[in-house]
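The structure under discussion appears below in the form of structure tokens.
In what follows, every chain begins at residue 1, and chains take the letters A, B, ... in the order their sequences are listed.
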Protein chains: 2
Amino acid sequence: MASKTVADWIEDMSFEVELDGHVFAVDADDQFGGKNRGPRPKGLLLSSLAGCTGMDVVSLLRKMKMEWDSFRLEVEADLSDEHPKIYKDIRINFIFSGDKLDRGKIEKSIKLSLNKYCGVSAMLNRSAQVSYEIILNPG
Amino acid sequence: MASKTVADWIEDMSFEVELDGHVFAVDADDQFGGKNRGPRPKGLLLSSLAGCTGMDVVSLLRKMKMEWDSFRLEVEADLSDEHPKIYKDIRINFIFSGDKLDRGKIEKSIKLSLNKYCGVSAMLNRSAQVSYEIILNPG
């Protein structure tokens, strides 16, 4: 199976990106001439990871018959100082709310995703340490 | 410097993602219960690479005083068959149109980006072979 994306330069530092029939903009940081017409492209790596592992966890928890009300992932990473600037550590918060949550099932799903199924994690963890935390029913 | 993204599960396999104040959806492939409410998350790795190296090339070519009319990147990659499914080779077409194009400057900019400046390339090329082609004034 193949994936394809197209990016057309628009003006300044911004590009219009097409992926799977959906169109969005990306733009550089202010300090590099960006005008915030879209997100920074590098951060899309973290969004990609959030979506990939989030979908795995949804799919696995359904198979394990666990129900939830809300599910949010927060993914944060620091950039290295030297060029090329890469993410050296990536931290993920898996945040669930609901009254039928099962921490054991959630933990098992996350481990299966990050260590076995999620290709994005498998690619990014060759340069970054990926760690996670489970947060249930935050106040 | 840190980057942060948040993904909220909406329904089925779709998530709403926030990055740098911009909001977009991601969704799974049909065969995994997706409804095409947004692009597949893994493909965002390729969009990230397109934006990152595209911005480098724009910035470098401006310093080299080269002008162009249009600039498009096409990024394509095949997934491995086994889990976790990763990109094993990534091919980029850098497509320019204009009457003042300079292949030498374009080539130099691309090499500087892919080998030195672009952090996304530096992360992805630990699992994938990244190759490119330059296409000038396609018919």
Going only through I, L, V, M, F, W and Y residues with side-chain contacts under 4.5 Å, is there a path from [X] to [Y]?
X         : Y         : value
Leu61(B)  : Leu101(B) : yes
Met66(A)  : Val57(A)  : yes
Trp68(A)  : Phe94(A)  : yes
Ile135(B) : Trp9(A)   : no

When heavy-atom pairs shorter than 4.5 Å are enumerated against chain B, which of [options] gives the highest number?
options                                 : answer
Asp78(A), Val26(A), Leu19(A)            : Leu19(A)
Leu79(A), Val120(A), Val75(A)           : Val75(A)
Ala77(A), Ser121(A), Gly43(A), Cys52(A) : Ala77(A)
Leu46(A), Leu73(A), Val6(A)             : Leu73(A)
Ile90(A), Asn93(A), Ile10(A), Asp27(A)  : Asp27(A)
Pro39(A), Ala50(A), Ala2(A)             : Pro39(A)

> Do Pro41(B) and Met55(A) touch side chain to side chain, with heavy atoms closer than 4.5 Å?
Replying inline: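 Answer yes - side chains close enough.
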
> Heavy atoms, side chains only, cut-off 4.5 Å: are Val58(A) and Glu11(B) in contact?
Replying inline: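 The answer is no; the side chains never approach within 4.5 Å.
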
Pick one of side chain, backbone, both or neither for [X], based on which atoms fall under 4.5 Å of a heavy atom in chain A.
X        : answer
Tyr87(B) : both
Phe15(B) : side chain
Lys85(B) : backbone
Val17(B) : side chain
Arg62(B) : side chain

> For the candidates Glu18(B), Arg37(B), Glu16(B), which exhibits the highest count of non-hydrogen atom pairs separated by less than 4.5 Å from chain A?
Replying inline: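 When all of Glu18(B), Arg37(B), Glu16(B) are compared, Arg37(B) has the most.
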
>> Heavy-atom pairs under 4.5 Å with chain A: which of Gly51(B), Cys118(B), Gly38(B) has the most?
In response: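 Most pairs with chain A among the choices: Gly38(B).
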
Shortest non-hydrogen separation from [X] to [Y] and the atoms involved:
X         : Y         : result
Leu44(B)  : Ser48(A)  : CB-CB, 3.8 Å
Ser59(B)  : Met13(A)  : CB-CE, 4.0 Å
Ser127(B) : Met123(A) : OG-CG, 3.2 Å
Tyr117(B) : His83(A)  : CD2-ND1, 3.9 Å

Side chain, backbone, both or neither: which part of [X] has an atom under 4.5 Å from a heavy atom of chain B?
X        : result
Asp12(A) : backbone
Asp69(A) : backbone
Phe24(A) : side chain

> When you measure from the side chain of His22(B) to the backbone N and O of Arg40(A), does any donor-acceptor pair fall under 3.5 Å?
Replying inline: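 Side chain of His22(B) to backbone of Arg40(A): no pair is present.
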
>> If you count heavy atoms of other groups shown closer than 6.0 angstrom to NZ of Lys108(B), is the number above 12?
In response: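 Count not over threshold, so no.
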
Looking at [atom1] of [X] and [atom2] of [Y], how far apart are the two atoms once the value is rounded to the nearest 0.5 Å?
X        : Y         : atom1 : atom2 : value
Thr5(B)  : Glu76(A)  : OG1   : CD    : 10.5 Å
Asp56(B) : Phe32(A)  : CG    : CZ    : 9.5 Å
Leu45(A) : Leu124(B) : CG    : CG    : 6.0 Å
Lys42(A) : Ser3(B)   : NZ    : OG    : 7.5 Å
Asp20(A) : Ser47(B)  : CG    : OG    : 8.0 Å
Asp8(A)  : Glu74(B)  : CG    : CD    : 9.0 Å

